[in-house]
Amino acid sequence: MKPRFVVAGALLFAFGIAAGYAASRSGPSLYEGKTKEEAARALLDLARQQAGKGSWERIAVGRIYYLGGFKPEGKAIFDEVLAKKPDGSDLLRIARVYRQADEWDKARPLLDRYVQENPKDEKGLAEAGAGYLLSGDRATAEALFARAFARESEVWATVAIAGAYLGV
């Protein structure tokens, strides 16, 4: 038998085992008959594997960890994303989680960094302004809102601003 066929066969075998393992680690066996915490942890473990290297996907997993009461695990994911050169959208997504957790001290630096790195994004300006308004700093919020409207009025920016005035 030729060496390349042996290697190809070995790779197919290994992929088959990996696929079988992944299949055995998904579905009802992850949550049936388990406590809510056990089910959530098992599902989040799978979700982390499924997320791979995607920053948005990993942030989504980190969000559930963080807001679900497993803050160290969530923060570790956020720190991993932030340790590399994150996209602006990554900064906004992580800041949203911190805002949802009422942790303005963690959200603010991410929003400020976003605004500095993306001064022309009306949606990001509006979202950063919303964070400021929701934290009680109306003057800074309205300055950011004015910058957003100076760019181009866009539905998502307008909705973010309106929501902030309603506490959303």
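- Taking hydrophobic clusters as Ile, Leu, Val, Met, Phe, Trp and Tyr residues chained together by side-chain heavy-atom distances below 4.5 Å, Leu133 does not share a cluster with Leu125.
- Without hydrogens or angle criteria, Asp121 side chain to Gly124 main chain gives a donor-acceptor distance under 3.5 Å.
- Applying the side-chain hydrogen bond (donor to acceptor under 3.5 Å, both in side chains) test to every pair with at least one member in residues 141-150, sequence neighbours left out, gives these pairs: Arg138-Glu142, Glu142-Tyr165.
- The side-chain heavy atoms of Leu111 and Val115, taken from C-beta on, include no pair separated by under 4.5 Å.
- The neighbour count for Lys75 NZ, taken as heavy atoms of other residues, nucleotides or ligands under 6.0 Å away, does not exceed 12.
- The two residues Phe70 and Leu44 make their nearest non-hydrogen contact at CD1-CD1, 4.5 Å.
- The CZ atom of Arg63 sits 4.5 Å away from atom CD of Gln100, with the distance rounded to the nearest 0.5 Å.
- One finds the CG atom of Asp45 at 10.0 Å from the CD atom of Gln50 (value rounded to the nearest 0.5 Å).
- Placement of Leu82 and Tyr66 within a single hydrophobic cluster is found when ILVMFWY residues are connected by side-chain heavy-atom separations under 4.5 Å, directly or transitively.
- Taken together through direct or relayed side-chain contacts under 4.5 Å among Ile, Leu, Val, Met, Phe, Trp and Tyr, Tyr65 and Leu43 form parts of separate hydrophobic clusters.
- Across Ala160 and Ala126, no two heavy atoms sit closer than the pair CB-CB, 4.2 Å.
- Through chains of ILVMFWY side-chain contacts below 4.5 Å, Leu166 is grouped with Val168.
- Shown here for Arg151 and Pro119, the closest heavy-atom pair between the two residues is CD-O, 4.4 Å.
- Counting only residues at least two apart or in different chains, ring pair (Phe, Tyr, Trp, His ring centres under 6.0 Å) contacts with residues 99-121 comprise Trp104-Tyr132.
- Taking a cutoff of 4.0 Å between a charged side-chain nitrogen and a carboxylate oxygen, Lys71 and Glu103 qualify as a salt bridge.
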Only distances under 3.5 Å count here; give the side-chain donor-acceptor pairs of residues 90-99 to other protein atoms, sequence neighbours excluded, each with its distance to 0.1 Å.
| residue | atom | partner | partner atom | Å |
| --- | --- | --- | --- | --- |
| Asp90 | OD1 | Ser55 | OG | 2.9 |
| Asp90 | OD2 | Ser55 | OG | 3.2 |
| Asp90 | OD2 | Asp87 | N | 3.1 |
| Arg93 | NH1 | Ser89 | O | 3.4 |
| Arg93 | NH1 | Ser89 | OG | 3.4 |
| Arg96 | NE | Glu127 | OE1 | 3.4 |
| Arg96 | NE | Glu127 | OE2 | 2.6 |
| Arg96 | NH2 | Glu127 | OE1 | 3.0 |

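- Residues forming a side-chain contact (heavy atoms from CB on, under 4.5 Å) with Glu154 (at least two apart in sequence, or on another chain): Glu122, Lys123, Trp156, Ala157.
- Within the structure, ring pair (Phe, Tyr, Trp, His ring centres under 6.0 Å) contacts touching residues 40-59 (residues at least two apart or in different chains) do not occur.
- Taking both residues in full, the closest heavy atoms of Ala39 and Lys34 are given as N-CB, 4.1 Å, listed atom of the first, atom of the second, then distance.
- The backbone N or O of Ala51 sits nowhere less than 3.5 Å from a side-chain atom of Arg58 that would complete a donor-acceptor pair.
- The cluster map of Ile, Leu, Val, Met, Phe, Trp and Tyr, joined by side-chain heavy atoms under 4.5 Å apart, puts Leu46 and Val61 in different clusters.
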